[in-house]
Structure formats: structure tokens, C-alpha cells
There are 2 protein chains.
Amino acid sequence: MPTWGEKEFMQYLRDHRARVTPNRLTVFRAMQKSTKPLTVPDLAIEVEDTGLNTATLYRIMETLADLEIVHPVLQDHQSVAYELIEPFARHHDHMVCRQCGRTIDLYNCRLDEAVKSISDDSGFRVDFHQMEVHGLCPDCQTATRRP
Amino acid sequence: MPTWGEKEFMQYLRDHRARVTPNRLTVFRAMQKSTKPLTVPDLAIEVEDTGLNTATLYRIMETLADLEIVHPVLQDHQSVAYELIEPFARHHDHMVCRQCGRTIDLYNCRLDEAVKSISDDSGFRVDFHQMEVHGLCPDCQTATRRP
DNA sequence: TTCGCTGCAAACGGTTTGCACCGCG
DNA sequence: CGCGGTGCAAACCGTTTGCAGCGAA
């Protein structure tokens, strides 16, 4: 099943009593185009040509996060970045390499069953999960093997 | 199996060519005592009486994170907090309630099998994982049921 | 027509940095 | 005794805020 696009985004905003504006569309397009989570400064560069104000950018990201269109994630262990979440992007988790620092997206996490049992056991109703696994990526394993 | 304490902490530092200092012990004790992740400003208050400098605090947390003694986690969707990780604390994941905003620790996540299959499939060597499930906690479910 | 959204510019405060001194190993 | 760790204070810069004007619904 394909992820939601611009049209659904606009409808989603209206459904939640939030207005559809050129700025919000600009941000949504930039997020869709990106393959990695974006910080506000990242986005500022990305949408530079539109003249979109940085303060506005912060306010837009806060709104999109409240509406659960985007989701904040930790980047480089210190700054906050945002990424689209379901149904605006395919669900995925992250694998972070402790050596090279790269983050690799992990689709097909197959955690649904375990998460369901967590939900059943605890009584916590789960909307979605987000996982990070930390370790060594394949490249760094081979690089480390022979110093 | 119990988690590692002060003695092991000191040895761990030495093993990694990092020096054992009163400041680092102070921070370690504060982290052990706390039941929730702490930001640097949090810690600053916690160790106020020792006169530990804030800049030093930032440097200590960076060091402890590099040594994988602590682990940064996102707090309130915007600020970075730290918590001890295995073997200095029991492994646990987080359940974040979208209504009341509280974070509940989840022990016994039973994700090991799924994580192992991720490791096998991807070739990524996993040291540890960290998961957040988002949704509604039991309290907020009952509160929402009858408006 | 209304009220949410935006731009501008100033203020804020968490975080970083340079440097000299201290003290662990 | 050497070099990592620390305190101090200034600088930095990401983020927030107040307010007036604009425009989506």
C-alpha cells in the first residue's frame, strides 16, 4: 500500500482544523523528498529559495508533530530531527553504527508480534513503535577485522 | 544478575584509558539514584552541592556517552536526557503516552528474538536496542472512555 | 469577517570553547 | 611528571516570543 501524498496531507490538515498553507506544503514536500530525518536548520536550507522564515519553520514542525504527521528523532546524539511517519511514510526503524555513525533505515522490522504482546501484557494501547538498534554495520565489521 | 556498581564503573573507566575523578563518580552516583533520564540541567541541580561546573558536566556526559555507559534519549520531544545502560542499569524500553506525556519504563520487552533475526538478516551486528512505543497509557484510556 | 498563520527582530538560555591550572596515573 | 580533566567566563547559535499584518475558510 502506497503512502499518503499531498492531497491526503491537505485533507488531514483540514480534518484537524489546521489550515492548508503554502508554507506547510513546502515543508511537506521537502520532508517527502528527503531520505533522512531533517532538523529545522536542515529544512531552512532546503526551503531557502521560498524565503520561509525560520521562526515559522519551528512553529510548523511543532504543529506537524502535534498532529502526528512527523516525529522527532535524536540525531548525532544531540540534535532533534524530524521524519514523516505513517501513513505519510512507510514505517521503519533505525540501525545506528557506533563506528561510522551512520544511520541505516530498517524496513520489515517484524516487531509487530512482540509489540502486540507488550500491549496485551501492560494494558498500554500502542499506536506505533520506534526502535533503534546500535552496533556495527557490515562495512565497519570488515574494516575492524584486520587493523 | 545485578547491575554494575561504582567499583565496576571505576574499573571500566580505567580500562578505557579514562581517568577516575571525583566529578565522574558524583555524576555516576546521581545517575544511579535517579529513576528517570536526566538532562544536563537536571544533573546540574542534582549535584549542585558539589559545585561541579556545568561546562564540565557537558564534557563528562559526552565522555560517558562515548564510552557507552550512558545513552541519550529524547525527552519531551525536544531536549536530550541521559540514562545509564547495560550493564550499569537493567535494560528497559519506554512507553510514552500521547495524552499525559508520561514515560513508563518497560522491562521484559522480549524483543531479543526479533532483534536477533534483524541482525541475522541484515548483517548488522547489534550491541543493544532501544525502543519506544507510543500510545495511550491505561489511565488515559479509562479517562478518555467517558468524556 | 474571523482567527489561524506568518514575518520580523529582539531576547533568551542551553551549549560550546579557549585558556590556565590542577591532579590522576 | 605528563597529559587528561576541570573551572571560569565569554561567545555562540539554535530556539522562543511579541506583535502587527495577512490570508485561508
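Note that the structure is predicted; figures quoted are calculated from it, not measured. Numbers restart at 1 for each chain; the letters A, B, ... are given by sequence-line order, proteins then strands.
In this structure, A:Y58 reaches the D:dT15 phosphate: one of its side-chain N or O atoms is under 4.0 Å from OP1 or OP2. Between A:Q78 and C:dT16 there is a side-chain N or O to OP1 or OP2 distance below 4.0 Å. Between A:N23 and C:dG7, a side-chain N or O to OP1/OP2 separation shorter than 4.0 Å is present. Considering only side-chain N and O atoms, B:T21 lies under 4.0 angstrom from the phosphate OP1 or OP2 of D:dT6. Applying the 4.0 Å criterion to OP1 and OP2 of C:dC5, one finds that A:R24 has a side-chain N or O inside that range.
Heavy-atom distances to DNA chain C give each of B:A18 and A:T63 a nearest nucleotide, and the one nearer the 5′ end belongs to A:T63.
To the nearest angstrom, P of C:dT17 lies 9 Å from CD of B:E62. Atom CG in A:L38 sits about 15 Å away from atom P in D:dG14, given to the nearest Å. Straight-line distance from the CZ atom of B:R19 to the P atom of D:dT6: 10 Å, rounded to whole Å. The nearest whole Å value for the distance from the CG atom in B:L25 to the C1' atom in D:dT6 is 15 Å. Counting to the nearest Å, the P atom of D:dT17 and the CG atom of A:N53 are 15 Å from each other. Rounded to whole Å, atom P of D:dG14 lies 13 Å from atom CG of A:D76. When the P atom of D:dT15 is taken as reference, atom CE of A:M61 falls 12 Å away, rounded to whole Å. To the nearest angstrom, P of C:dG25 lies 15 Å from NE2 of B:H16.
Looking only at distances, a side-chain donor or acceptor of B:S119 sits under 3.5 Å from a matching main-chain atom of B:F124. Of the possible donor and acceptor atoms, one in the side chain of A:N53 sits under 3.5 Å from a partner among the backbone N and O of A:A55.
Heavy-atom neighbours of B:Q11 CD from other residues, nucleotides or ligands within 6.0 Å: above the threshold of 12.
For C:dG7, the base has a donor-acceptor partner in the side chain of A:R59 [N/O atoms by modelled type, under 3.5 angstrom].
For the 3.5 Å distance criterion, the side chains of A:H134 and B:Q130 fail to qualify, holding no donor opposite an acceptor. Side-chain N/O atoms of A:H77 and B:H71 include no donor and acceptor closer than 3.5 Å.
Within the 4.0 angstrom heavy-atom criterion, base atoms lie near B:A55.
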